[in-house]
Amino acid sequence: MAAKLAALVVLVAFLAGPAACEGASICFNGWLRLPTFNPWLCSRGSRMRSRSWQRGASPSGLGLGHGYYDNRWSKSYCPRAEVIVRGAVKDAVAAYPGIGAGLIRLFFHDCFVRGCDASVLLTTTNSNNSDTEREGLPNKNSLRGFQVIDAAKAAIEAACPGKVSCADIVAFAARDASYFLSNRRINIRMPGGRYDGRESFANETDQLPGPFSTVTELQTSFTAKGLTSDEMVTLSGAHTIGRARCMFFSSRFSEMDPAFAAKLKAQCNGNDDTNVNQDDVTPYVLDKQYYRNVIDRRVLFTSDAVLNSIKTITQVTENANIAGTWERKFERAMENMGKIGIKTRADQGAEIRKVCSRVNN
């Protein structure tokens with residue numbers, strides 16, 4: 001497996017060029033790790049741009065508002081917008097619960113790259129490049145839920161064209177997926193008013209935290225977006241739903257609870273591309289079981305296991321043991337994440353897209 005990953009790193013570095021290798025991120029960006037440090041890939045020379053990981057400003061959400069589309073005197077008036085999104089998500093989750101996990105992840109992967117501007121949906125951009133975020137290593141053949149967003153957008157455009165952004169639809173869909181997957185225990189107050197971005201680049205997805213991230217790398221990544229360590233631990237709880245490929249955790253079997261490891265080995269059966277449930281206790285319910293799994297060494301990723309450390313174990317224990325604590329924190333963290341890097345005016349190089357996958361002409 002290590003050889004396969006190393007070869008993939010070389011390919012990514014070759015295709016992406018220097019921009020994908022800021023600092024030493026290509027060597028260990030949370031998604032790929034080399035068996036040995038390779039100075040040819042990880043040079044810190046003058047040709048490489050150095051990414052600043054100073055603390056980002058806390059997301060303000062300035063320009064957003066709850067019930068944004070309900071003001072009949074506003075040019076954005078579209079009173080059925082949120083109802084349409086909720087209906088689309090409800091139908092999709094009822095047919096296949098896994099799509100709900102995909103919608104929550106889609107929101108996260110959108111907001112962490114260029115802010116919550118639906119850049120993750122683009123296949124055609126203002127720069128006419130095809131190597132968009134969807135083609136980035138953490139996203140390619142991995143993200144799900146696009147069809148739900150497209151269905152909601154089409155219905156909204158039919159009802160009130162040119163009013164509702166794709167970025168808001170992504171945010172509302174994540175909110176509604178959280179509601180249905182938690183058996184209606186999680187109610188996120190998600191504001192609206194985001195505009196859609198016009199650019200998207202695959203090599204920018206290397207800033208997404210990944211399954212091999214350490215606790216320090218996770219904290220650094222979230223801090224750069226203006227989020228706290230506690231919010232990082234809280235949002236990690238979304239790993240109580242969804243599925244993961246064996247290639248991202250098969251090297252950890254010896255570190256897991258033995259019975260859990262044996263079960264996973266049987267499921268993976270030596271195939272790195274096999275998908276398994278991230279939570280084998282309540283796999284289709286968005287709940288606090290994840291934190292009990294962290295404590296019991298029954299989680300998949302390095303980025304999950306490292307939360308059982310002195311830096312974060314207090315939050316993990318509270319989330320696992322105190323009823324309602326994690327759900328309320330998750331509501332607030334999701335709302336706050338939805339304020340990262342937002343665009344709220346067309347003069348910010350943004351627009352209300354007619355079709356979510358491409359910029360307007």
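No hydrogens, no waters, no symmetry mates; every other heavy atom, side chains included, goes into these values.
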| query | Is there a side-chain contact between L106 and F146 (heavy atoms, below 4.5 Å)? | reply | yes
| message | Around atom CZ of R328, are there more than 12 heavy atoms from other residues, nucleotides or ligands closer than 6.0 Å? | response | yes
| Interatomic distance, Q289 atom CD to D296 atom CG [nearest 0.5 angstrom] | 8.0 Å
| Rounded to the nearest 0.5 Å, how far does CD1 of I169 lie from CD1 of I84? | 9.0 Å
| Smallest separation among heavy atoms of S178 and I104, with atom names | OG-CD1, 3.5 Å
| Geometric class of the F301/F248 ring pair [parallel <30°, tilted 30-60°, perpendicular >60°] | perpendicular
| request: For N277 and R243, test the side chains for any donor-to-acceptor distance below 3.5 angstrom and give the result as yes or no. | output: yes
| said: Heavy-atom count check: over 12 atoms from other residues, nucleotides or ligands less than 6.0 Å from K354 NZ? | reply: no
| request: With rounding to the nearest 0.5 Å, note down the distance linking CZ in F212 to OG in S303. | output: 9.0 Å
| query | Under 3.5 Å, is there a donor-acceptor pair linking the side chains of E327 and S182? | reply | no
| Heavy-atom closest contact (C78 atom, I156 atom, distance) | SG-CG2, 4.2 Å
| task | Treating Ile, Leu, Val, Met, Phe, Trp and Tyr as nodes and any side-chain heavy-atom pair under 4.5 angstrom as an edge, say whether I313 and V299 lie in one connected cluster. | result | yes
| query | Are E82 and R175 within salt-bridge range, i.e. N to O under 4.0 Å? | reply | yes
| field | ILVMFWY clustering at 4.5 Å (side-chain atoms), partners of Y284 | value | none
| query | With a 4.0 Å cut-off, would you call E204 and R114 a salt bridge? | reply | yes
| query | Does F201 belong to the same Ile/Leu/Val/Met/Phe/Trp/Tyr cluster as L121, with side-chain heavy atoms less than 4.5 Å apart forming each link? | reply | no
| task | Return yes if a side-chain donor-acceptor contact under 3.5 Å exists between K311 and T216, otherwise no. | result | yes
| task | Would you indicate whether the side-chain heavy atoms of F108 and P209 approach each other to under 4.5 Å? | result | yes
| request: Starting at OG1 of T234, measure out to OH of Y290 and round the result to the nearest 0.5 Å. | output: 10.5 Å
| Test applied, side-chain contact (heavy atoms from CB on, under 4.5 Å); reference residue, N319; option that passes from V233, T314, L307, D230 | V233
| query | Between R353 and Y195, is NZ or CZ placed under 6.0 angstrom from the six-membered ring centre and within 45° of the ring axis? | reply | no
| Regarding T205 and E133, is there a side-chain donor-to-acceptor distance under 3.5 Å anywhere? | no
| request: Using a strict cut-off of less than 4.0 Å between a Lys/Arg side-chain nitrogen and an Asp/Glu carboxylate oxygen, indicate whether D272 and R245 qualify as a salt bridge. | output: no
| request: Let me know which of T123, D196, D150 forms a side-chain contact (heavy atoms from CB on, under 4.5 Å) with C356. | output: D150
| Closest approach of V85 to A173 (non-hydrogen atoms, all atoms of both residues) | CG1-N, 3.7 Å
| query | side-chain contact (heavy atoms from CB on, under 4.5 Å) between K90 and Y179: does it pass, once the steps are laid out? | reply | CA-CA 9 Å; K90 181 179 181 180; Y179 176 75; over 6 Å; no
| said: For the CG atom of L143 and the CZ atom of R134, what is their distance to the nearest 0.5 Å? | reply: 8.0 Å
| Between R105 and S142, do the side chains contain an N or O donor and an N or O acceptor separated by less than 3.5 Å? | yes
| field | Donor-acceptor side-chain pairing of Q315 and K329 below 3.5 angstrom | value | no
| request: Show the numbers, then the answer: is there a side-chain contact (heavy atoms from CB on, under 4.5 Å) between F180 and R86? | output: CA-CA 10 Å; F180 292 119; R86 179 156 292 203; 3.8 Å; yes
| Full working for side chain to side chain donor-acceptor pair (under 3.5 Å) between S229 and Q219 | CA-CA 5 Å; S229 178; Q219 290 173 325; 2.9 Å; yes
| query | Just by distance, with hydrogens left out, do N293 and R298 show a side-chain donor and acceptor under 3.5 Å apart? | reply | no
| request: For the pair K140 and E135, find out whether any cationic side-chain nitrogen is under 4.0 Å from an anionic carboxylate oxygen. | output: yes
| query | Who else is in L122's hydrophobic cluster (ILVMFWY, side-chain heavy atoms under 4.5 Å, direct or via others)? | reply | V359
| query | Under the 3.5 angstrom rule, does the side chain of K339 hit a backbone N or O of C116 as a donor-acceptor pair? | reply | no
| query | Considering only heavy atoms from C-beta outward, does the side chain of R252 approach that of T302 to under 4.5 Å? | reply | yes
| said: Is the ring pair F330/W326 parallel, tilted or perpendicular, if the boundaries are 30 and 60 degrees? | reply: tilted
| Does a donor on one side chain and an acceptor on the other come within less than 3.5 Å for N321 and Y291? | no
| field | Working for side-chain contact (heavy atoms from CB on, under 4.5 Å), residues N308 and V316 | value | CA-CA 7 Å; N308 196 355; V316 168; over 6 Å; no
| query | Can I352 and V164 be said to form a side-chain contact (heavy atoms from CB on, under 4.5 Å), step by step? | reply | CA-CA 7 Å; I352 303 295; V164 181; 5.7 Å; no
| Does a sphere of radius 6.0 Å around CG in L62 hold more than 12 heavy atoms from other residues, nucleotides or ligands, not counting ones at 6.0 Å or beyond? | no
| said: I'd like to know if the side chain of E351 reaches the main chain of N360, judged simply by a donor and an acceptor atom lying under 3.5 Å from each other, with no hydrogens or angles considered. | reply: yes
| remark: Scanning both residues in full, the closest heavy-atom pair of V93 with G100 reads CG2-CA, 3.9 Å
| task | Examine the side chains of N129 and T125 and answer whether a donor and an acceptor come within less than 3.5 Å of each other. | result | yes
| task | Could you tell me whether the side chain of V276 reaches within less than 4.5 Å of the side chain of L300, counting heavy atoms only? | result | yes
| task | Would you please say whether a donor-acceptor pair under 3.5 Å links the side chains of N336 and E231? | result | yes
| field | CG-CG distance between L264 and N269, expressed to the nearest 0.5 angstrom | value | 12.5 Å
| query | Are side-chain N/O atoms of S119 and D117 paired as donor and acceptor at under 3.5 Å? | reply | yes
| said: Tell me whether S213 contacts the main-chain N or O of E217 through its side chain, where contact means a donor paired with an acceptor under 3.5 Å. | reply: no
| query | If we only count heavy atoms from C-beta on, is the E335 to R332 side-chain gap below 4.5 Å? | reply | no
| field | pair I241-V285: side-chain heavy atoms closer than 4.5 Å | value | no
| task | Compare all side-chain heavy atoms of V120 with those of S200 and state whether any distance is below 4.5 angstrom. | result | no
| message | Please give me the minimum heavy-atom distance between G63 and Y68, naming the atom from each residue. | response | O-CE1, 4.2 Å
| Does a donor on one side chain and an acceptor on the other come within less than 3.5 Å for D279 and T240? | yes
| Can you check whether L218's main-chain N or O pairs, donor with acceptor, with S221's side chain at less than 3.5 Å? | no
| task | Answer yes if the side chains of Y96 and R144 hold a donor-acceptor pair under 3.5 Å, and no otherwise. | result | yes
| Are a donor atom and an acceptor atom from the side chains of Y69 and D168 found within less than 3.5 Å of each other? | yes
| query | Counting distance only, does the side-chain N/O of H66 pair as donor-acceptor with the main-chain N or O of G192 below 3.5 Å? | reply | no
| Under a 4.5 Å cut-off applied to non-hydrogen side-chain atoms, are P283 and Q278 in contact? | no
| query | Hey, any chance L208 and I340 share a hydrophobic cluster, counting ILVMFWY side chains that come within less than 4.5 Å of each other, even indirectly? | reply | yes
